[in-house]
Amino acid sequence: YGINSILYQRGIYPPESFTRVQKYGLTMLVTTDPTLNNYLKNVVGQLKDWLCNHFVQRLVVVINSIETNEVLERWQFDIECDKTMTDNSQPREKSEKAIQDEIRSVIRQITATVTFLPLLDTACSFDLLVYTDKDLEVPEKWEESGPQFINNSEEVRLRSFTTTIHKVNSMVAYKKIDSF
């Protein structure tokens, strides 16, 4: 839902290609674009599998200018896995409501962050970067890429949230606009 929120809020896809759904006590926007939906379903499906196996360290949503391919924004979600937890471990105590409250807080913050990010006044595309353990086999259609950092950037830390197994710290970096 965070990826959909970023794509909608930043205007990467037209607003009419999203529909409203209720999740975590919020009205969220999710894509209705079949190609994007299929892509996200494949990536998120693989991501869920890797998260369950403690293989993921970071997910990054990169927004690029289509014209110049310059990286304009980098939404980073650092994931700390408690690798001591296994299928046989006694679950830690944290209510689903507490987890959902924290997720809701991050989604709200993504929406609020848009108010101070520079306007994306050029057509943009996005890419998803998944940082995993080095020895992990990558799906055939996926490719390796560099970190796609932003030159001359500003960073804003967002709220974190924790589940019983994962802690997620988030931030957004964006291209600094020269002020005169």
Side-chain angles (χ1 to χ4, degrees), residues 1-47 56-80 100-131 141-161 166-180:
Y1 293 100
I3 296 168
N4 273 286
S5 184
I6 292 166
L7 298 178
Y8 174 80
Q9 296 293 337
R10 300 309 287 147
I12 309 304
Y13 284 81
E16 59 273 9
S17 67
F18 290 84
T19 188
R20 294 180 185 332
V21 297
Q22 284 293 123
K23 189 73 178 172
Y24 307 118
L26 291 175
T27 300
M28 309 258 236
L29 290 148
V30 294
T31 185
T32 56
D33 180 284
T35 306
L36 177 58
N37 223 344
N38 191 40
Y39 171 74
L40 290 176
K41 206 174 279 185
N42 287 332
V43 172
V44 171
Q46 181 63 67
L47 190 61
V56 180
Q57 287 98 37
R58 177 177 294 155
L59 171 68
V60 180
V61 180
V62 177
I63 298 177
N64 304 56
S65 162
I66 291 175
E67 189 178 313
T68 65
N69 207 31
E70 178 182 24
V71 178
L72 303 175
E73 291 179 6
R74 195 171 186 281
W75 296 78
Q76 181 171 304
F77 301 88
D78 293 326
I79 302 159
E80 297 172 25
Q100 288 184 353
D101 286 348
E102 290 178 12
I103 292 171
R104 185 172 37 246
S105 174
V106 170
I107 297 291
R108 280 191 180 124
Q109 201 169 19
I110 289 170
T111 303
T113 301
V114 171
T115 61
F116 64 80
L117 291 175
L119 181 68
L120 295 175
D121 55 1
T122 182
C124 294
S125 64
F126 81 101
D127 199 4
L128 295 176
L129 309 179
V130 181
Y131 290 69
K141 292 184 179 180
W142 291 32
E143 58 187 58
E144 299 222 8
S145 76
Q148 300 189 38
F149 290 125
I150 302 172
N151 295 327
N152 193 25
S153 68
E154 295 274 338
E155 290 182 5
V156 176
R157 293 233 166 260
L158 306 176
R159 288 194 171 112
S160 63
F161 71 91
H166 301 96
K167 179 176 183 183
V168 180
N169 295 304
S170 47
M171 56 88 66
V172 59
Y174 57 95
K175 180 114 180 110
K176 194 161 139 181
I177 303 296
D178 296 326
S179 53
F180 299 96

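For reference, positions follow the sequence shown, starting with 1. Computed from a predicted model, the values in this text were never measured in an experiment.
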Any [X] side-chain heavy atom under 4.5 Å of [Y] side chain:
X      : Y      : result
Ser5   : Thr111 : yes
Val43  : Ile3   : no
Lys141 : Asn42  : no
Ile63  : Arg10  : yes
Val130 : Val56  : yes

#### Entry: Evaluation steps, side chain to side chain contact (heavy atoms under 4.5 Å, CB included), between Val30 and Leu40
CA-CA 11 Å; Val30 294; Leu40 290 176; over 6 Å; no
Between [atom1] on residue [X] and [atom2] on residue [Y], distance to nearest 0.5 Å:
X      : Y      : atom1 : atom2 : answer
Tyr1   : Met28  : OH    : CE    : 6.5 Å
Asp78  : Met171 : CG    : CE    : 8.0 Å
Asp33  : Tyr13  : CG    : OH    : 6.0 Å
Gln9   : Leu29  : CD    : CG    : 7.5 Å
Glu155 : Tyr174 : CD    : OH    : 10.0 Å
Trp75  : Phe126 : CH2   : CZ    : 14.0 Å

Least distance between heavy atoms, [X] atom then [Y] atom:
X      : Y      : value
Lys176 : Glu154 : CD-OE2, 2.9 Å
Val71  : Gln148 : CG1-O, 3.5 Å
Gly146 : Leu129 : O-CD1, 3.9 Å
Lys175 : Ile150 : CA-CG2, 3.8 Å
Ser125 : Ile66  : N-CG1, 3.7 Å

#### Entry: Qualifying salt bridge (Lys or Arg N to Asp or Glu O under 4.0 Å) pairs, either residue in residues 112-127, two or more places apart
none
### Task
Could you point out which residue of Val61, Leu120, Asn64 forms a side chain to side chain contact (heavy atoms under 4.5 Å, CB included) with Ile12?
Leu120
### Message
Heavy-atom count check: over 12 atoms from other residues, nucleotides or ligands less than 6.0 Å from Glu67 CD?
### Response
no
### Query
In terms of side-chain heavy atoms, does Asn169 have a donor or acceptor partner in Glu80 at a distance below 3.5 Å?
yes
### Query
Under 3.5 Å, is there a donor-acceptor pair between the Gln22 and Thr27 side chains?
yes
### All side chain to side chain contact (heavy atoms under 4.5 Å, CB included) counterparts of Asn37, not counting sequence neighbours
Thr31
### Task
Decide yes or no on side chain to side chain contact (heavy atoms under 4.5 Å, CB included) for Ile110 and Ile6, but give the supporting numbers first.
CA-CA 7 Å; Ile110 289 170; Ile6 292 166; 3.8 Å; yes
### Message
Would the distance check show the side chain of Thr32 and the main-chain N or O of Ser17 forming a donor-acceptor pair, the cut-off being under 3.5 Å?
### Response
yes
### Candidate pair Thr68 and Thr122, rule side chain to side chain contact (heavy atoms under 4.5 Å, CB included), full reasoning
CA-CA 10 Å; Thr68 65; Thr122 182; over 6 Å; no
### Message
Working note: Glu73 + Val62, criterion side chain to side chain contact (heavy atoms under 4.5 Å, CB included); need CA distance, chi angles, decisive distance, verdict.
### Response
CA-CA 6 Å; Glu73 291 179 6; Val62 177; over 6 Å; no
